[in-house]
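As a basis for the values below, the full set of heavy atoms in this structure was taken, side chains included, without hydrogen atoms, waters or symmetry mates. Whatever order the structure lists ligands and atoms in, that order sets their numbers, starting from 1.
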Amino acid sequence: MDEIEGWWVIAESRDVGRAPRSVTRLGERIVLWRDERGVLHAHDARCPHRGVDLGEGRVVRGELECAYHGLRFDTSGRCVAMPCEGADARVPPRMQIAPRVVREERGLVWMWRGPTRDAPLPWPDAMPSHDRRAWTRTMTWDVPLSRVMEAMLDVHHFPFAHRRFSSGVGPRLDPWRVREEDGVVRAEGTMREERASRGWDVALEARLPGIVFLSFAPWLGGFVACTPIDAARTWIVVRFFVDVPLIGALLARFALWTELTLVQPDDERMQLRTLRARNDLSECTLVRADAAIVAWDRLAAKARQRATSARSSSSATRA
Ligand code: FES
Ligand SMILES: [Fe+2]
């Protein structure tokens with residue numbers, strides 16, 4: 001399970017309406033719900049009474065009510081009513097649900113994971129912050145996060161894995177300039193025919209904990225946020241934007257439909273057909289064109305180490 005500190009995208013805002021909704025992210029079941037003012041809250045989804053998923057419940061006067069016996073919790077996670085015990089009943093101290101730190105921005109629900117929480121949202125510089133001229137969809141891959149990131153940072157598979165859609169895209173990735181600065185991997189280069197000097201210019205950037213931005217053309221970009229469901233599966237949200245007045249959103253919708261329906265299944269299939277016992281790069285024989293994947297692997301490994309040492313120092317402080 002990935003324990004990298006940071007803001008993880010865990011849902012789309014539009015997924016959470018008046019009814020609570022539970023999702024599994026980072027190996028945990030989390031209930032998302034809105035109070036009377038529409039403010040989003042997130043808690044551990046397991047009802048402390050007898051364990052029913054609180055996503056099955058409802059919101060009553062700004063409190064989250066469990067579907068089974070009607071116990072109610074306020075926005076801090078405290079149990080404020082146990083109808084079966086009467087209004088004067090003493091609430092056991094364990095009868096509470098742990099809150100999660102979340103914020104809702106850019107049409108997405110972000111959950112903080114880690115001891116500190118002052119980091120900015122990992123939003124790519126080139127991606128507009130509004131979602132006009134954009135369209136968003138989600139998908140789930142039965143592939144662990146590290147391998148999903150590997151797939152997202154891979155450009156040179158295009159003329160082969162997507163042979164049906166890649167006419168005109170040459171097989172050689174050259175130049176391919178990759179650098180890591182301030183926790184961001186940036187890569188830019190050209191897919192071209194062996195003897196051509198020009199080709200398809202591509203640029204990408206990847207930010208912790210699992211954000212990728214792909215620039216296919218100056219007017220077409222894709223934002224991808226990858227979050228583990230558990231150690232084996234990954235939830236992925238993809239937003240395309242097409243910088244064209246009036247019909248940008250429509251074009252983005254069409255481009256995204258094409259990408260997710262016709263193109264991405266090939267990417268997932270390549271991962272599912274990968275015969276590696278480990279999910280890291282240790283069994284691979286890497287080449288120059290894999291440089292962005294290698295840079296990400298290093299960055300993520302450092303972030304994982306930082307998270308592990310922060311956890312061990314905070315448990316040492318508690319001891
Ligand atoms: S299981 Fe939730 S109220 Fe009983
Ligand atoms: Fe692909």
Side-chain angles (χ1 to χ4, degrees), residues 19-20 22 29-31 33 43-60 63-74 77-87 89-98 137 139-141 143 147-171 173 176 187 189 191 200 202-204 206 212-217 220-224 226 234 236-238 240 255-274 289-290 292-293 296:
S22 287
R29 192 77 176 156
I30 296 152
V31 60
W33 58 287
H43 290 88
D44 180 2
R46 196 174 60 88
C47 178
H49 175 222
R50 300 245 302 278
V52 164
D53 188 332
L54 290 164
E56 298 296 314
R58 59 180 185 155
V59 178
V60 181
E63 292 162 357
L64 178 61
E65 183 183 271
C66 180
Y68 204 6
H69 310 97
L71 267 65
R72 276 202 211 157
F73 303 88
D74 68 11
R78 205 167 53 96
C79 177
V80 290
M82 299 193 298
C84 53
E85 302 302 307
R90 195 186 69 82
V91 176
R94 281 167 49 114
M95 197 68 90
Q96 52 179 291
I97 46 175
R137 275 184 58 184
M139 57 185 181
T140 297
W141 281 14
V143 176
R147 295 253 308 281
V148 171
M149 290 301 288
E150 208 181 305
M152 296 299 165
L153 300 176
D154 189 307
V155 173
H156 39 306
H157 69 280
F158 204 87
F160 300 95
H162 306 305
R163 191 183 299 279
R164 291 174 296 161
F165 308 103
S166 62
S167 75
V169 178
L173 178 56
W176 187 229
M191 291 288 294
W200 180 41
V202 207
L204 61 82
V212 179
F213 177 75
L214 297 146
S215 172
F216 305 109
L220 173 63
F223 164 90
V224 185
C226 308
T234 306
I236 304 162
V237 51
V238 187
F240 271 20
L256 189 53
W257 179 85
T258 309
E259 174 72 20
L260 266 56
T261 312
L262 304 175
V263 179
Q264 288 289 324
D266 287 334
D267 294 288
E268 186 184 14
R269 190 166 51 85
M270 288 301 112
Q271 291 304 318
L272 294 173
R273 298 284 185 277
T274 294
D290 298 316
I293 294 164
W296 174 261

| request: Hey, could you give me the CE/CE distance between Met82 and Met95, rounded to the nearest 0.5 Å? | output: 5.5 Å

| remark: Vertex atom 2 (Fe) of ligand 1, ends Cys66/SG and Cys47/SG: angle to nearest 10° comes to 110°

| remark: Restricting His162 to its N/O/S atoms, the closest one to the Fe ion (ligand 2) is NE2

| request: Identify the heavy atoms of Arg137 and Trp257 that sit nearest to each other, and give their distance. | output: NH1-CD1, 3.5 Å

| task | Over all heavy atoms of both residues, which pair between Gln264 and Trp141 is shortest? Give the atoms and the distance, please. | result | OE1-CZ2, 3.1 Å

| said: So Leu64 and Ile97, do their side chains get closer than 4.5 Å, heavy atoms only? | reply: yes

| query | Within His69, is some N, O or S atom less than 2.8 Å away from atom 2 (Fe) of ligand 1? | reply | no

| said: Closer than 2.8 Å to the Fe ion (ligand 2): does that hold for any N, O or S atom in Asp154? | reply: no

| Are any N, O or S atoms from His49 nearer to atom 4 (Fe) of ligand 1 than 2.8 Å? | yes

| Could you give the distance from CZ (Arg72) to CD (Glu65), rounded to the nearest 0.5 Å? | 5.0 Å

| task | Looking only at protein heavy atoms, identify the closest one to atom 1 (S) of ligand 1 and say how far it is in Å. | result | Arg50 N, 3.3 Å

| said: Only to 10 degrees, please: what angle do the OD1 atom of Asp267 and the NE2 atom of His157 make about the Fe ion (ligand 2)? | reply: 90°

| query | Which ligand 1 atoms are under 4.0 Å away from a heavy-atom of Leu71? | reply | 3 (S)

| Aromatic ring pairing Phe216/Trp200, orientation class (parallel under 30°, perpendicular over 60°, tilted between) | parallel

